[in-house]
There are 2 protein chains.
Amino acid sequence: MTNIIDSYKGSANLFKLLGHPARLAILTILREGEQCVCHIEAMLKLRQAYISQHLMVLKDAEIIADRRDGWNIYYRVVMPEIFEIMNIMFLVSGRPDTIDHAHAKANCPCPKCHPEKAQPPDKGVILSSE
Amino acid sequence: MTNIIDSYKGSANLFKLLGHPARLAILTILREGEQCVCHIEAMLKLRQAYISQHLMVLKDAEIIADRRDGWNIYYRVVMPEIFEIMNIMFLVSGRPDTIDHAHAKANCPCPKCHPEKAQPPDKGVILSSE
DNA sequence: TAATCACATTCAAGATGACGAATATAATTG
DNA sequence: CAATTATATTCGTCATCTTGAATGTGATTA
């Protein structure tokens with residue numbers, strides 16, 4: 001523990017998590033704010049279980065956190081410095097640091113992507129309740 | 001290749017290289033300029049062959065480059081952005097981004113660490129015979 | 001040219017990570 | 001409560017990474 005090498009383990013472990021293209025893609029999707037799993041699924045066209053596995057890894061490392069809202073679970077980044085790191089790396093690697101969400105919204109069933117379904121108009125239009 | 005995930009592979013591969021404590025330590029040692037392998041060896045107290053293996057990996061990725069001078073081979077970082085990335089990560093992980101070279105110089109036999117041997121003042125005076 | 005020095009390379013076993021398949025769970029709806 | 005929806009977890013196999021041991025190589029010196 002008093003070893004020089006060991007003192008780099010924490011940083012190395014975080015870098016290791018960033019060393020996977022799917023996880024970099026997921027984090028980029030979360031750059032503009034929280035998103036549900038189905039949105040990520042629609043964006044990346046990867047199996048849901050596979051995405052969940054990566055989300056679990058990122059959550060264990062406390063890079064992201066989740067929040068449930070009804071059927072959906074929304075993930076968000078809670079370690080914003082990660083984006084600064086990614087920015088520089090994307091610059092070096094010649095990769096744009098943003099990603100287009102538009103085309104995914106059509107395929108994502110969550111209420112965030114379909115606000116018109118969020119408050120079913122025929123339910124009795126409760127504009128303000130308790 | 002037209003895949004979103006694939007477009008992150010380049011960045012991911014670089015992150016993967018940073019995902020190893022020994023490599024982070026080596027890069028930190030090179031932060032202040034080129035160093036020979038024996039210096040890194042003296043700093044980290046790791047086997048020479050092991051260090052060479054990591055240096056090879058970093059060189060293949062064109063993060064570092066080498067230069068031979070007599071018996072010694074000096075390595076230097078040729079991708080300075082890597083330090084900006086490491087700076088941020090070390091800040092997040094609570095690790096100082098510098099490393100003390102002083103104690104290693106005593107154990108490193110290279111002429112850079114022992115300038116007095118670099119230019120023998122008088123070749124005739126042999127204080128201790130072989 | 002043989003010995004020495006600094007460093008590189010190869011090999012192999014063990015450890016870790018990736019990822020598909022199948023299954024489980026919590027919230028919601030009817 | 002049963003069915004459905006969104007998401008999580010477990011398991012097993014295959015691939016990659018790690019790391020020690022042994023050995024090879026180029027530059028230098030005697």
Side-chain angles (χ1 to χ4, degrees), chain A residues 5 8-9 12-13 15-26 34-42 44-61 64-75 107-114 117-118 120 122-123, chain B residues 5 8-9 12-13 15-26 34-42 44-61 64-75 107-114 117-118 120 123 126 129-130:
Chain A
I5 297 294
Y8 289 95
K9 280 194 174 176
N13 284 334
F15 276 130
K16 215 174 289 182
L17 298 186
L18 298 180
H20 194 293
R23 289 196 286 267
L24 289 181
I26 290 172
E34 65 177 14
Q35 296 290 351
C36 62
V37 178
C38 57
H39 186 82
I40 299 172
E41 202 179 342
L44 300 181
K45 292 163 191 160
L46 295 176
R47 290 174 315 110
Q48 172 271 316
Y50 184 53
I51 291 172
S52 262
Q53 287 169 358
H54 286 301
L55 288 171
M56 194 192 338
V57 170
L58 293 171
K59 188 182 166 189
D60 285 346
I64 62 178
D66 60 351
R67 169 182 78 85
R68 176 180 280 273
D69 182 12
W71 278 337
N72 303 284
I73 295 184
Y74 292 90
Y75 281 89
N107 301 324
C108 176
C110 83
K112 185 177 178 184
C113 287
H114 294 283
K117 289 185 182 173
D122 50 308
K123 271 243 170 170
Chain B
I5 298 294
Y8 288 95
K9 281 193 174 177
N13 283 335
F15 276 130
K16 212 174 292 182
L17 297 187
L18 298 181
H20 194 294
R23 289 196 286 266
L24 289 181
I26 290 172
E34 66 176 13
Q35 297 289 351
C36 61
V37 179
C38 57
H39 186 81
I40 299 172
E41 201 180 343
L44 300 181
K45 291 163 191 160
L46 296 176
R47 288 175 313 110
Q48 173 269 318
Y50 184 55
I51 292 172
S52 262
Q53 287 168 355
H54 287 301
L55 288 171
M56 195 192 339
V57 171
L58 293 171
K59 189 182 165 187
D60 284 346
I64 62 178
D66 60 352
R67 170 181 77 85
R68 176 182 279 273
D69 183 11
W71 278 338
N72 302 283
I73 295 184
Y74 292 89
Y75 282 88
N107 301 325
C108 177
C110 83
K112 184 177 178 183
C113 287
H114 294 282
K117 287 185 182 174
K123 278 235 173 176
I126 298 173
S129 63
E130 59 284 291

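- Remark: Asp66(A) pairs with Lys59(A) by the side-chain hydrogen bond (donor to acceptor under 3.5 Å, both in side chains) rule, at least two apart or across chains.
- Residues satisfying the side-chain hydrogen bond (donor to acceptor under 3.5 Å, both in side chains) criterion with Lys45(A), sequence neighbours excluded, are absent altogether.
- With a 4.5 Å cut-off on side-chain heavy atoms, Ile73(A) and Leu55(A) do not count as touching.
- Rounded to an integer number of Å, the gap from Leu17(A) CG to dA18(C) C1' is 14 Å.
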With 3.5 Å as the limit, what N/O pairs link the protein to nucleotides 20-24 of chain D?
| from | atom 1 | to | atom 2 | distance (Å) |
| --- | --- | --- | --- | --- |
| dG20(D) | OP2 | Arg47(B) | NE | 3.4 |
| dG20(D) | OP2 | Arg47(B) | NH2 | 3.0 |
| dG20(D) | N7 | Arg47(B) | NH2 | 3.3 |
| dG20(D) | O6 | Gln53(B) | NE2 | 2.9 |
| dA21(D) | N6 | Gln53(B) | NE2 | 3.4 |

Could you pull out the protein-nucleic contacts involving nucleotides 4-6 of chain C (nitrogen or oxygen on both sides, under 3.5 Å)?
| from | atom 1 | to | atom 2 | distance (Å) |
| --- | --- | --- | --- | --- |
| dA6(C) | O4' | Trp71(B) | O | 3.4 |
| dA6(C) | O3' | Trp71(B) | O | 3.4 |
| dA6(C) | O3' | Asn72(B) | OD1 | 3.3 |

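- For Tyr8(B), the ring pair (Phe, Tyr, Trp, His ring centres under 6.0 Å) partners two or more places apart in sequence, or in a different chain, are Phe90(A).
- The side chain to side chain contact (heavy atoms under 4.5 Å, CB included) check on Gln48(B) picks up Val37(B), Glu41(B), Ser52(B), with sequence neighbours excluded.
- For the pair Asp60(A) CG and dT10(D) P, the interatomic distance rounds to 11 Å; values are reported in whole Å.
- At whole-Å resolution of the value, CG in Leu46(A) and P in dC19(C) are 9 Å apart.
- As rounded to whole Å, 14 Å separates atom C1' of dA8(C) from atom CD1 of Ile26(B).
- With sequence neighbours excluded, the residues forming a side-chain hydrogen bond (donor to acceptor under 3.5 Å, both in side chains) with Glu34(B) are Arg67(B), listed by chain and number.
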Item checked: Base versus backbone protein contacts along nucleotides 12-17 of chain C [heavy-atom cut-off under 4.0 Å; B, S, -] -> -----S
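- The two residues Leu24(B) and Ala12(A) have their closest heavy-atom pair at CD1-N, 3.6 Å.
- One can place CG of Asp66(A) at 14 Å from C1' of dT25(C), the figure rounded to the nearest angstrom.
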What side-chain donor-acceptor pairs closer than 3.5 Å can you find for residues 16-23 of chain B, not counting sequence neighbours?
| from | atom 1 | to | atom 2 | distance (Å) |
| --- | --- | --- | --- | --- |
| His20(B) | ND1 | Ala22(B) | N | 3.1 |
| Arg23(B) | NE | Leu17(B) | O | 2.7 |
| Arg23(B) | NH1 | His54(B) | ND1 | 3.2 |

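- Under the 4.5 Å side-chain criterion, counting only non-hydrogen atoms from C-beta, Trp71(A) is not in contact with Cys36(A).
- Residues meeting the side chain to side chain contact (heavy atoms under 4.5 Å, CB included) test with Ala49(A), sequence neighbours left out: Arg47(A).
- Atom CD1 of Ile64(B) and atom P of dC7(C) are 13 Å apart (whole Å).
- We find the CG-CD1 distance between Leu46(A) and Ile51(A) to be 5.0 Å, quoted to the nearest 0.5 Å.
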